Amino acid sequence: MTWEQRKLGDIAQITMGQSPAGSTYSDVPSDYILVQGNADLENGWVKPRVWTTQITKQAYIGDLIMSVRAPAGAMGKTSYNAVIGRGVAAIKGNEFIYQLLVKMDKEGYWKKDSTGSTFESLNSESIKNAEIKLPSNEEQTVIGTYFEQLDHLITLHQRKYNLCNKVKVYAWEQRKLGELTIYRNGTGHEEKQSESGKYELINLNSISIDGGLKPSGKFIDEETETLLKDDLVMVLSDVGHGDLLGRVAIIPENNRFVLNQRVALLRNNSSVDIKYLFSYINAHQIYFKKQGAGSSQLNISRGSVENFEVLLPHKDEQKKIGKYLSSIDNLITLHQRKKKYTKKPIILLKITF
């Protein structure tokens, strides 16, 4: 279906902010929340910082918030009723409109006007006359929902990364991975694999980013050993940019597998919590990527793996951190599955707004 070109002001109500008198500002949460500009937004949402006793112009729960001063065009949302100052505008629009305005901002739509001069601020006419393309209401809902889920997924990943990097490490013990695990190279050669056999092969495609194992569809008949519950398997070799180097997965239960020669076994030989160790390794993938050597195929050595330094808190702290990060991984996996079954996601991603 052809998308219709419209002006933003024709399809969305836009309210330009008006600042209340400075004497009415307060730090009393029972007063009216005041949104003055980008400083009152955090991660795309209004975060109460300043209050006022005077109502001028207002935004309501669910409204979109646009910064109209530097950075002109930056977007957010509000889950509060709020008074809006002259640094922002409130727009009544759905999730599709929000994602579209975010895209326009990132692509520099507001940086130049028709005369080529830079926008220092946006006025009502500039915003209302912005030309956008709209699909049907049904497609708007699907596209908006898809990107909203994607935003949430990114937030979960960022939250996990921040926790791994901001947790205080005072009095934590520093140990090398080789001291915490028994290292063993895989022996399953690719030329011996087939579509059927006694033992399933674990290769780099078997290791999921969420720490689970995926069926490789490859098998080998040669003798192997039982991998134990809570063993770690790690990718040692990858083509291209080496994005898989160092990725690990946890063996969920005792089973007989054959490890591909591009994968190593790391068996816990200490009291370290395996979920904590898994999350710590996955949070420091940049280390293993830097260790990669080779031209068409990047490889990391046993020494690089065993010399990787791990910061260990007390065992109780390890368990709490590992459990928390594991719960975030589960949330991420659920969102990825939900995204997989979202109506028409692949087609819609290729549409240019």
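Nothing fancy with the numbering, it's 1 onward along the sequence. In what follows, every heavy atom counts, from backbone to side chain, and hydrogens, waters and symmetry copies are set aside. The model shown is predicted, which means the values in this text are computed figures rather than measured ones.
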- Nearest heavy-atom neighbours spanning Lys7 and Lys128: CB-O, 3.5 Å

- Query: Is there side-chain contact between Lys133 and Glu4, with at least one heavy-atom pair below 4.5 Å?
  - Reply: no

- Query: If you link I, L, V, M, F, W and Y whenever their side-chain heavy atoms are under 4.5 Å apart, who else ends up in the same group as Ile286?
  - Reply: none

- Message: Are Leu41 and Val50 linked, directly or through intermediate hydrophobic residues, by side-chain heavy-atom contacts shorter than 4.5 Å (ILVMFWY only)?
- Response: no

- Euclidean distance, Leu227 CG relative to Phe257 CZ, rounded to 0.5 Å: 6.5 Å

- Taking the side chain as every heavy atom from C-beta outward, state whether Pro252 and Lys229 have any atom pair closer than 4.5 Å. no

- Heavy-atom closest pair (Leu236 atom, Val263 atom, distance to 0.1 Å) is CD1-C, 4.1 Å

- Might you point out which heavy atoms bring Phe96 and Pro135 nearest each other, and give the distance in Å? CZ-CD, 3.4 Å

- Message: Using 0.5 Å steps for rounding, measure from the CG atom of Leu177 to the CG atom of Leu277.
- Response: 6.0 Å

- Item | Residue pairs fulfilling salt bridge (Lys or Arg N to Asp or Glu O under 4.0 Å) with at least one residue in residues 51-67, sequence neighbours excluded | Asp63-Lys92

- In Å, rounded to the nearest 0.5 Å, how long is the span from OH of Tyr109 to OG of Ser126? 9.0 Å

- Message: Hydrophobic clusters here meaning ILVMFWY residues chained together by side-chain heavy-atom distances under 4.5 Å, can you tell me if Met66 and Tyr60 are in one?
- Response: no

- Query: Just wondering, do Leu8 and Ile14 contact through their side chains at under 4.5 Å, heavy atoms?
  - Reply: yes

- Partners of Tyr287 by ring-ring contact (aromatic ring centres under 6.0 Å, His included), sequence neighbours excluded? Phe308

- Do Asn94 and Gln140 have side-chain N/O donor and acceptor atoms under 3.5 Å apart? yes

- Inter-residue atom distance Gln5.CD - Leu134.CG, 0.5 Å rounding: 10.0 Å

Got a list of side-chain donor-acceptor pairs under 3.5 Å for residues 72-85, not counting sequence neighbours?
unit_1: Lys77; atom_1: NZ; unit_2: Glu95; atom_2: OE1; d: 2.8
unit_1: Lys77; atom_1: NZ; unit_2: Glu95; atom_2: OE2; d: 3.1
unit_1: Thr78; atom_1: OG1; unit_2: Tyr80; atom_2: N; d: 3.0
unit_1: Thr78; atom_1: OG1; unit_2: Tyr80; atom_2: O; d: 2.7
unit_1: Asn81; atom_1: OD1; unit_2: Ile61; atom_2: N; d: 3.1

- Item | Evaluation steps, side chain to side chain donor-acceptor pair (under 3.5 Å), between Asn299 and Ser237 | CA-CA 4 Å; Asn299 304 282; Ser237 179; 2.7 Å; yes

- Query: Linking Ile, Leu, Val, Met, Phe, Trp and Tyr by side-chain heavy atoms under 4.5 Å, what else ends up with Val28?
  - Reply: none

- Query: Any side-chain donor-acceptor pair under 3.5 Å between Asp31 and Ser26?
  - Reply: yes

- Query: What is the minimum heavy-atom distance between Gly44 and Tyr98, and which atoms define it?
  - Reply: O-OH, 4.4 Å

- Arg247 versus Gln285, closest heavy-atom pair with distance: N-OE1, 3.1 Å

- Message: Assigning hydrophobic clusters by single linkage (Ile, Leu, Val, Met, Phe, Trp, Tyr; side-chain heavy-atom cutoff under 4.5 Å), is Phe219 placed with Ile251?
- Response: no

- Message: Under a 3.5 Å threshold, yes or no: a donor from one side chain and an acceptor from the other, between Ser279 and Asn282?
- Response: no

- Message: According to salt bridge (charged side-chain N to carboxylate O under 4.0 Å, His left out), who are the partners of Asp231, at least two apart in sequence or on a separate chain?
- Response: Arg267

- Would Ile33 end up clustered with Ile55 when hydrophobic side chains under 4.5 Å apart are linked, directly or stepwise? no

- Query: When rounded to the nearest 0.5 angstrom, what distance separates CH2 in Trp3 from CD in Glu139?
  - Reply: 6.5 Å

- Partners meeting side-chain contact (heavy atoms from CB on, under 4.5 Å) with Asp27 (sequence neighbours left out): none

- Pairwise side-chain hydrogen bond (donor to acceptor under 3.5 Å, both in side chains) hits with a residue in residues 15-24, at least two apart: Thr24-Thr52

- With sequence neighbours excluded, tell me which residues meet side-chain contact (heavy atoms from CB on, under 4.5 Å) with Asp273. Lys275, Tyr276, Lys315, Gln318, Lys319

- Query: Of the non-hydrogen atoms in Ser67 and Leu122, which two are nearest, and what is the gap between them?
  - Reply: O-CD1, 4.3 Å

- Item | Validation row: Ile97, Leu64 side chains within 4.5 angstrom (heavy atoms) | yes

- Item | Residue list, side chain to side chain donor-acceptor pair (under 3.5 Å) with Asn185, at least two apart or on another chain | Tyr183

- Item | Contacts of type side-chain contact (heavy atoms from CB on, under 4.5 Å), residue Arg175, not counting sequence neighbours | Glu173, Glu179, Leu180, Leu312

- Residues in side-chain contact (heavy atoms from CB on, under 4.5 Å) contact with Ser301, at least two apart in sequence or another chain: Ser304

- Is Val88 reachable from Leu101 through a run of hydrophobic residues whose side-chain heavy atoms are each under 4.5 Å from the next? no

- Query: With no hydrogens and no angle check, do the side chains of Arg86 and Gln36 hold a donor and an acceptor under 3.5 Å apart?
  - Reply: no

- Do Ile250 and Val233 have side chains that get closer than 4.5 Å, going by heavy atoms? no

- Note on the structure: Value for CE (Met234) from CG (Leu259), rounded to nearest 0.5 Å, stands at 12.5 Å

